[in-house]
Amino acid sequence: MTAFFALGNPEELAMDTSEELGPEEVLNNGIESHHPTSPVSGNLLDMDRPVPNSVESLDEEKIEEDGDNRAVGTITYTVPDVRKLTDTGTHSPIVLVRNLPWRIMVMRRKTRSSGHLHDDSSTLGYFLQCNMESESTSWTCQASAELRLIPYKPDVTPIIKPIHHMFYNKENDWGFTNFLAFEELLDPAKGLVHPTDFSMNLEVLVTAEPPHGVCWDSKKYTGYIGLKNQGATCYMNSLLQALYFTNKLRKAVYMIPTEADDSIKSVPLAIQRVSYELQSHDKPVGTKKLTKSFGWETLDSFMQHDAQELCRVLLDNMDMKMKGTRVEGTIPGLFEGKMISFIRCKHVDYESSREESFMDIQLNVKDQKDVYESFDDYVRVEVLEGDNKYDAGDHGLQDAEKGIAFTKFPPVLHLQLKRFQFDPISENNIKINDRFEFPERLDLTKYIKVGPTDVPPVYFLHAVLVHSGDNHGGHYVVYINPEGDGKWCKFDDDVVVRCTKKEAIERNYGGSSDEFLQFRNCTNAYMLVYINEAKREEILQPVSEDDIPGYLSQRLTEERETEARRRKEKSEQSQYLNLRVVTEDDMVIHQGHELVDMEKIMARKPFRIRKESNLLQFQETLAEWFGYRPEDIRFWPYHSRQNGSARPTNLNLDQTTLQSHVVQDISSLSSGHFAGDEEDLIVFLEILPYRNPRSCRNLTAKAAQRRSDSEMTLFFRYYDPVRKVLEYKGYEMFSEKLQASMLMMMLPFWPLYIQPPNGRRLFRGAD
């Protein structure tokens, strides 16, 4: 006979804990607690978000905003008797800005010198705190503020210090450890505190961007929604929003025939899906299906691609799909302009010219003041003379003029600002952050010959695509004037917020000379979208549900319902385990060296059992499935061993343990090479001896349950050399102290023992 021996204990579960940093761990010893690169959610390339504008230069233009979601708020706090301040600090009442709680934190701090504390001197620590009680680790909020100390004497100038910071869970307070020396603060001549009760008046003016990683209802506040960032897809999100709000294009996109298109590979269908969801949903829209239709793998979503190239690829793809339909020609009709490239000889009557189409115009930024100067540079005539004379064929080498002339500007004009260029000195690509102005109203009449029936080339600014960072990466946002009425919104991935005209236009010229805003000089426009004023109504015509073909609306609705159903099923499935049950019948029919054929066991359709069911409920369910009473059975989870084999594990569970533990607690024992996935649980179902025909023992239920922890279980199989088969003969409990020699002596007296035909006893020992 062959004996199999299995013992084991369930592994203990380990829990990871993470420490939270308190205020003292966040504060530095410097004057201002400042970290130049605060981590934010998303890819490293996508971290350099533009900061809000200085509170010193708020726009005179007012934005209508609801109370708690306002961008600017003031916190006032009177500190009673500053002499009693301690290093634990005191806090002001909470004020909500951008739906986040903000407050002042002020404390008394010992003065440090060469790393040593001085008991005889101290300073005032003055900080702004944000979202202090949140347990979330994913939220961020970019803000600027003025920390003010308002003197008791009205004729004394307030002490004001500005801060800029990306607030997040580990840096939720920011300010100054040494705002003012206490000696100076308490000096009666300074007039900073009340002369009798020593109270102090503080005031903080906060200007905050909409937060990321928290609930922000863009639809409620603006009527529009954003796009989710996959890692470094903010540049794509900005471009998609600009195209989406070109309403005539959106209408044409809906009319592209995609009934037979592959739902995964079709780019036009993916763009239809994004447009439909932006128009009909209330929450930010995902773009994974769109990038998948591009053929991008997961890694590509974490790499920034060229925005101009992506725009051309999208438009070309849609234009090809529109051919032969009633919307054919929509793309060139909206975006295509024409120009003539010419070379004109100065002294002979000879000219060479060629008409070319363009979908956008690339304008130089370097050494150009504004769009008009750059257009002047674009059409400036180059003189070909000297060693650079033009070969005019029969006329020989001639002095000539080379240039371009616009013959048609499109209704929607895309201007690509050449912020990114190759630097021959450093032999690297660099970003040009020079100041470059662009007008809200663009008149290009001087650059084209306009006939009496032609549409005047006068444009209004519709969108400003902005990059913040350097040539190696950064963050992209887009400012859009959706209805062409001067009411601007900022689209920052999943967050949309109303903004002022000044923030959308002037603040994105680049090249700020304000010392407080020096770090903003890497934030500037790189693409402008202008719409012809005469075409405003046509291009920005309203788009309603009636403009969406019925088949498309139905397909996308059904797709959404199917995905919702799958998410629900997946959520429900995550609450269950796949249970596979091994019985002695499986051991009887198996002829291999192992107890059972685990591949066949795994091929069976599994039972489903809730992870949170306690083990007593699990035992009752097993008994019901197999037609026994709960007290007649026990279950042994299979355990995967290091040698690749698998054995049942005797848990020896008492009634208390059965009630206090759940199925999830023992499922880890079944993780191994034989498991289909991490959600598999395999158990051996033992039928207790008094109900088991294979058992030699006649034990009562209570006696069967009383098994010692020092016992081991041996499974016996007999090899018949005549028939050359293995026969399963059952299992038995023995003391762990039992020696192999004693076991050999006991085997002949075991009731199910079979004497081999040749009289030899075959025994291989315990495995």
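Given the structure is predicted, the values throughout are model-derived calculations rather than measurements.
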Testing the basics here: between [X] and [Y], what is the closest heavy-atom pair and its distance to 0.1 Å?
{"X": "F358", "Y": "L413", "answer": "CE1-CD1, 4.4 Å"}
{"X": "L100", "Y": "P211", "answer": "CD1-CB, 3.7 Å"}
{"X": "C234", "Y": "H475", "answer": "SG-ND1, 3.6 Å"}
{"X": "S136", "Y": "G213", "answer": "OG-O, 4.4 Å"}
{"X": "I343", "Y": "L384", "answer": "CG2-CD1, 4.3 Å"}
{"X": "K418", "Y": "V365", "answer": "N-CG2, 3.8 Å"}

Ignoring hydrogens and geometry, is there a side-chain-to-backbone donor-acceptor pair from [X] to [Y] under 3.5 Å?
{"X": "Y447", "Y": "Y372", "answer": "yes"}
{"X": "S275", "Y": "R250", "answer": "no"}
{"X": "D319", "Y": "K323", "answer": "no"}
{"X": "Q421", "Y": "I432", "answer": "no"}
{"X": "R419", "Y": "A525", "answer": "yes"}
{"X": "N532", "Y": "P410", "answer": "no"}
{"X": "Q272", "Y": "V253", "answer": "yes"}
{"X": "S374", "Y": "N364", "answer": "yes"}
{"X": "R98", "Y": "N69", "answer": "yes"}
{"X": "E355", "Y": "K338", "answer": "no"}

Do [X] and [Y] have side chains that get closer than 4.5 Å, going by heavy atoms?
{"X": "W216", "Y": "V496", "value": "no"}
{"X": "K321", "Y": "D261", "value": "yes"}
{"X": "N237", "Y": "Y476", "value": "no"}
{"X": "Y479", "Y": "K490", "value": "yes"}
{"X": "F335", "Y": "H414", "value": "yes"}
{"X": "I256", "Y": "T325", "value": "no"}
{"X": "Q398", "Y": "K346", "value": "no"}
{"X": "L227", "Y": "V274", "value": "yes"}

Tell me whether [X] at atom [atom1] has more than 12 heavy atoms from other residues, nucleotides or ligands lying less than 6.0 Å away.
{"X": "E259", "atom1": "CD", "value": "yes"}
{"X": "K402", "atom1": "NZ", "value": "no"}
{"X": "E483", "atom1": "CD", "value": "no"}
{"X": "D349", "atom1": "CG", "value": "no"}

Can you tell me how far the [atom1] atom of [X] sits from the [atom2] atom of [Y], to the nearest 0.5 Å?
{"X": "Q241", "Y": "D493", "atom1": "CD", "atom2": "CG", "result": "9.5 Å"}
{"X": "S238", "Y": "D492", "atom1": "OG", "atom2": "CG", "result": "8.0 Å"}
{"X": "R354", "Y": "M339", "atom1": "CZ", "atom2": "CE", "result": "10.5 Å"}
{"X": "L552", "Y": "D547", "atom1": "CG", "atom2": "CG", "result": "12.0 Å"}
{"X": "N508", "Y": "L465", "atom1": "CG", "atom2": "CG", "result": "10.0 Å"}
{"X": "L540", "Y": "T246", "atom1": "CG", "atom2": "OG1", "result": "7.5 Å"}

If we count only N and O atoms by modelled type, under 3.5 Å, do the side chains of [X] and [Y] hold a donor and an acceptor together?
{"X": "S293", "Y": "K265", "answer": "no"}
{"X": "N524", "Y": "N433", "answer": "yes"}
{"X": "E559", "Y": "S263", "answer": "no"}
{"X": "K251", "Y": "Q541", "answer": "yes"}
{"X": "T233", "Y": "N229", "answer": "yes"}

Ionic contact status for [Y] with [X], cut-off 4.0 Å:
{"X": "K449", "Y": "D454", "value": "no"}
{"X": "R560", "Y": "E277", "value": "no"}
{"X": "D376", "Y": "K446", "value": "yes"}

Exercise for the section: Output, in order, the C-alpha distance, side-chain angles, deciding distance and verdict of side chain to side chain contact (heavy atoms under 4.5 Å, CB included) for Y221 and V497. Expected result: CA-CA 7 Å; Y221 301 137; V497 62; over 6 Å; no

Handout entry: For E437, all residues meeting side chain to side chain donor-acceptor pair (under 3.5 Å), sequence neighbours excluded
Key = R435

Problem - Stepwise side-chain hydrogen bond (donor to acceptor under 3.5 Å, both in side chains) test for E545 and S280 - result: CA-CA 8 Å; E545 291 186 8; S280 60; over 6 Å; no

Practice task
Report the C-alpha distance between L278 and L240 in whole Å, list the side-chain angles of each, state the deciding distance to 0.1 Å, and finish with yes or no for side chain to side chain contact (heavy atoms under 4.5 Å, CB included).
Solution key: CA-CA 10 Å; L278 284 173; L240 289 175; 5.8 Å; no

Exercise for the section: Test L415 against L442 for side chain to side chain contact (heavy atoms under 4.5 Å, CB included), laying out the working first. Expected result: CA-CA 12 Å; L415 299 181; L442 179 66; 4.2 Å; yes

Practice task
Check step by step if side chain to side chain contact (heavy atoms under 4.5 Å, CB included) holds for R555 and L269.
Solution key: CA-CA 11 Å; R555 176 176 182 170; L269 177 60; 3.3 Å; yes

Exercise for the section: Output every pair passing ring pair (Phe, Tyr, Trp, His ring centres under 6.0 Å) with a member in residues 241-279, not counting sequence neighbours, ordered by first then second residue. Expected result: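 Sorted pair list: Y224-F245, F245-F491.
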
Exercise for the section: Could you tell me if the ring centre of F406 sits under 6.0 Å from that of Y378? Expected result: yes

